[in-house]
Amino acid sequence: MKLRPLADRVIVKRLEHETKTASGIVIPENAAEKPDQGEVLAVGPGKKNDKGDLSPMNVKVGDRVLFGKYSGQTVKVDGDELLVMKEDDLFAVVEK
């Protein structure tokens, strides 16, 4: 990837939602909600605290994360739609 996040920002790729309900009903694309899960593709070095020390990031590349439906800034890179957001915008890491 040719995108390197700065400070405490992360690059996330949304994971696709199911387009069919459990009962087999197909959900049209324009009615489907935005997925609120994604995979971390890149992380910044961290945020500096009041003393100037670098605070390490709590997420790493490959983590599956939860975030708000309208979190982050959408960008297109090499045809992929990615999100750039601060680590504070992430709600949780999904453990496997």
Side-chain angles (χ1 to χ4, degrees):
M1 175 189 307
K2 296 178 172 126
L3 205 56
R4 184 174 50 93
L6 302 175
D8 63 336
R9 289 181 175 78
V10 295
I11 308 295
V12 176
K13 182 172 185 173
R14 285 185 195 270
L15 296 176
E16 295 303 319
H17 260 271
E18 292 293 320
T19 58
K20 204 184 262 191
T21 65
S23 61
I25 299 172
V26 176
I27 302 170
E29 192 172 311
N30 60 352
E33 292 186 12
K34 286 184 177 181
D36 52 0
Q37 282 191 46
E39 181 183 353
V40 176
L41 299 180
V43 296
K47 188 176 184 179
K48 291 193 178 189
N49 62 18
D50 296 337
K51 296 178 183 176
D53 298 328
L54 202 59
S55 299
M57 299 288 278
N58 293 312
V59 295
K60 60 187 181 310
V61 173
D63 280 350
R64 181 178 232 174
V65 293
L66 300 177
F67 49 86
K69 293 190 184 308
Y70 304 104
S71 296
Q73 178 67 41
T74 304
V75 295
K76 280 204 172 195
V77 177
D78 297 332
D80 289 331
E81 194 170 286
L82 305 174
L83 288 168
V84 179
M85 62 180 74
K86 289 191 170 222
E87 186 182 36
D88 291 343
D89 292 338
L90 300 175
F91 296 150
V93 175
V94 178
E95 299 291 337
K96 297 176 185 171

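Because the structure is predicted, anything quoted here is derived from the model rather than measured.
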Are [X] and [Y] linked, directly or through other ILVMFWY residues, by side chains that come within less than 4.5 angstrom of each other?
X: V12; Y: L66; answer: no
X: I11; Y: V94; answer: no
X: V61; Y: V59; answer: no
X: V77; Y: L41; answer: yes

Check [X] against [Y] and note the closest heavy-atom contact, atom names and distance.
X: N49; Y: S55; answer: CB-OG, 4.1 Å
X: S71; Y: L83; answer: O-CD2, 3.7 Å
X: A42; Y: L3; answer: CB-O, 4.2 Å

TODO: Working to the nearest 0.5 Å, report the span between CG of D80 and CZ of R14.
DONE: 13.5 Å
TODO: First locate atom CZ of R4, then atom CZ of R9, and finally report the distance between them rounded to the nearest 0.5 Å.
DONE: 12.5 Å
Open item on the list: Does anything in residues 54-65 form a salt bridge (charged side-chain N to carboxylate O under 4.0 Å, His left out)? List the pairs, not counting sequence neighbours.
Closed with: K60-D63
TODO: If a pair satisfies salt bridge (charged side-chain N to carboxylate O under 4.0 Å, His left out) and one of its residues is in residues 83-93, list it, with sequence neighbours excluded.
DONE: none
Open item on the list: Do D36 and F91 make a side-chain contact, defined as non-hydrogen atoms from C-beta onward lying under 4.5 Å apart?
Closed with: no
